[in-house]
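Structure first, then comments.
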Amino acid sequence: MPVPDKPALEGLEEKWTARWEAEGTYRFDRSRPRAEVYAIDTPPPTVSGALHVGHVFSYTHTDIVARFQRMRGKEVFYPMGWDDNGLPTERRVQNYFGVRCDPSLPYDPAFTPPDKPDKHAISVSRPNFIELCARLTVEDEKAFEHLWRYLGLSVDWSMTYATIGKRAQRVSQMLFVRLARRGLAYKLEAPTLWDVDFKTAVAQAELEDREQPGAYHRIHFKTMLPRAVSQEMGVDYVAIETTRPELIPACVALVAHPDDERYRPLFGSHVTTPLFGARVPVLAHALADPEKGSGIAMICTFGDITDVTWWRELKLPVRAVMQPNGTLGPVSWGTSGWESDDAVRAQQAYDQLAGLSAKKAQAKIVELLKASGELHGEPKPITHAVKFYEKGDRPLEIITSRQWFIKTIEHREQLLERGRQLQWHPDYMQARYENWVNGLNGDWCISRQRFFGVAFPVWYPVRADGTVDYAGAILAEEATLPIDPSTDVPPGYAAEQRGQPGGFVGDPDVMDTWATSSVTPQIVTMWEHDADVFERTFPMDLRPQAHDIIRTWLFSSVLRAHFEHGSLPWSHAAISGFVLDPDRKKMSKSKGNVVTPLGLLQEYGSDGVRYWAARGGPGVDTAFDVGQMKIGRKLAMKVLNVSKFTLAGDHLDGPVTETLDRGMLLNLAALVTDATTELEQYEYARALAKVESFFWDFCDNYVEATKSRRYGDFGPAAAASASTALRAALSVMLRLLAPFLAFTCEDVWSWWQRGSVHRASWPTAAELSVVAGDAAGAREAHTALAAALGAIRKGKTDQKVSVGTEVEAVAYAGGDDEIRALRAIERDLKAAVRAGALRLTVGEPSVAVTLKPAEA
RNA sequence: GGGCGGUUAGCUCAGUUGGUAGAGCACCGGCUUUACACGCCGGCUGUCACAGGUUCGAGUCCUGUACCGCCCACCA
């Protein structure tokens, strides 16, 4: 392709995305051995959401690394996934098709959704629901792929996967079954964090704190001590302070610190709860904080995580009032039910609470306590942090339920060790991992009482009396996976036995979204699907991701690989920062400050946007700044134009003989070494800054200084030296910039080279020093050029003449070393400043420009 | 309460072993210079958050403080 007359950036994206696809430029060559492969575990974006500029930012970082590794000779394994798991997709499918997932229904292969969603949702089986999801997300996936291609991601688009896809289900289920068989996954009935609106268990990793208004309620519990002791204490009650008085009926004990003198006499004795008259013990535990409230707390089943700890360690009974839907459930007090000194009074009080939500129950019980005189003073309003499910609207409750867990706590040390083996970029992100693992306070709850997602490949026998034998879980055979227990039948049973005495039931739950996302390394590397590919790609090289999901995605992936493979899933983790809006806030949809990416790519060019993204180094939060995109666009334009200049006209073939040419090439060789080291360390932003800086100096100074010679003013040999040096430098700079300005560099490459620049070999210092030849002092001469040119240009500007004006004479004085360096390139320097005479002297730095008589 | 990161020119940010403060943008001024006006040249701009310390010398190392951001916590 010839050098264009008017090179332009417009249309490069369409042109090259089509060409790359047609030529299979980024197709993975699966014949290469593991050592020659660089495998990337790309984060699958959520398809039901929209891609925003934050995605563009971080995915560009990964692409830069991918392109660098590819040019270094690695075969890059770079798939793309779509995350269609989880609540957002579930809701979207429901609304779009007017259906509800009902896991109790069997698969109906003939089902078709109505053209328009009906007001009354149609119940469909889980497999049908998943089919609808796949249908809906096809369009999203197309739009996403288009954007990614337009941005220039060098993904192999023949390798895509969906997190709810058949193969992903199979991998998730198979890994789960293996954990279950080894006892690393287990089912247990236990107090679990619970969202009362979604009516599902949630995991520790999905929590967030929100500041909420609340109030301390000072409540009196009657003591049951011998009179003498009470008299000594002066009171016959204990005052506790609680923000959740509605849980008083669930109170099973009071607790204070063992060293707390105020309560020491009470330890071992009992008190009665207000309103309900239940006798509960006063106990000692080190977790009780004498500084908090009155220093003595009531333990309820369950008000918060501390209650769970106390309940477990003090071996207390359960007295649960909170139901899965967030209301207080029915309780009968007295001899046939819960213990009370005054069952009639207890029942009367409780009946007014039953059926109310926590919030309403609190208001009601405050009324009752005031009336009974057991509330001391007015509630004292406070603001405190309350735990929420990150997607939820009401505070979490803790409810006892039967859930699947994966063991984490007893493997804490090994998991910490894995974190240390992983190479983090930037390295300080490892602290977040350590922090999280050290803070784990329970095993990982992976089951969700939702309908959409990967099912547990598990059934339970139904006993002859119709009860379910949860301890006798029947795990699916690996060869049969994926299965859906709502439709498929366990080995040895017939379909008619579903739900029948002596028969079976399917596990109704689905896996947590992170339980399925955590196996993306196994999904993409074709684990248990294509052993050959797996062997060439696993453990992978790179996990790129954002820092907010270290505790979830990164941690859970490490955990799964540790258990299944006894290794890390990848050797490097590159953590991207967030994109901040100009107010330094994290950009997010909810804040309405998200910019749609395709418009940006079209306005500033994909390379312009890539440039902006590339400037944000690993882990660094970066401001959204169209100014930087404009600069990137200018850089790309400059590349086009200087390439046009370099390649225009006939190439004069000849060796590099001139000192300036040699110096420039050798300095470029040093840059190659430097930039390569940066990129090897995932410091792409630094690499770009250095290359960019050299490039502009090259354009502004070297090209200007050699123009005259290049045009033949000093003969053909001197011109050939410049021509050869220019081309060698251009070739190297295009390759250095190719990972960043993927489209521009590819276009220029195509003007004069064969093949794709993205499959060209990464430049080396050696290839330049061969061209430059032996040249003592040449680098210093090239380095001195910019300062001297600048000073002399200033001399002209000060006299208000153009830089191109021919002048009578220039006198330039400088230090010994500088002048020696400049003398080596005196002819080029003189031509560059268009001086009739150039005098270089050692002395105090000075510049004198003498204009021609006519101009003076 | 714990941890991590940040605080450098009006803005966005570099500043890699401690050695006279940098770039781009913005602003001001100049320039048709046979690659580029999506250009070129030049100029202006800083108690490097604050306070101590180590050192001949600190933006850089140490201690502490303040503020910003993120993550975490057993939040009665």
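Residue numbers start from 1 in every chain, and the chains themselves are labelled A, B, ... in the order their sequence lines are given, proteins ahead of strands.
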Under 4.0 Å, counting only non-hydrogen atoms across every strand here, what does [X] touch: a base, just sugar-phosphate, or nothing?
X        : value
A/Arg834 : nothing
A/Gln204 : sugar-phosphate
A/Leu287 : base
A/Thr242 : sugar-phosphate
A/Ala385 : base

Using a cut-off of strictly less than 4.0 Å between a heavy atom of the residue and any atom of RNA chain B, enumerate the qualifying residues of residues 432-443 of chain A by number.
A/Arg432, A/Asn435, A/Trp436, A/Asn441

Give me the residues of residues 705-713 of chain A where at least one heavy atom lies under 4.0 Å from an atom of RNA chain B, by number, or none.
A/Lys707, A/Tyr711

Does A/Glu692 contact B/A14 through a side-chain donor or acceptor facing the base, at a distance under 3.5 Å?
no

For [N] versus [M], give the span between their [atom1] atoms, rounded off to a whole number of Å.
N     : M     : atom1 : value
B/C61 : B/G19 : C1'   : 14 Å
B/A73 : B/C50 : P     : 35 Å
B/G15 : B/G59 : C1'   : 8 Å
B/U63 : B/U20 : C1'   : 28 Å

Options B/C13, B/A37, B/C74, nucleotide nearest the side-chain atoms of A/Lys387
B/C74

On RNA chain B, does the nearest nucleotide to A/Arg551 precede the nearest nucleotide to A/Trp310 from the 5' side, or the other way round? Give the residue.
A/Arg551

Distances under 3.5 Å between nitrogen or oxygen atoms of protein and nucleotides 38-42 of chain B:
{"unit_1": "B/G39", "atom_1": "O3'", "unit_2": "A/Lys638", "atom_2": "NZ", "d": "3.2"}
{"unit_1": "B/C40", "atom_1": "OP1", "unit_2": "A/Lys638", "atom_2": "NZ", "d": "2.6"}
{"unit_1": "B/C41", "atom_1": "O2'", "unit_2": "A/Thr797", "atom_2": "OG1", "d": "3.2"}

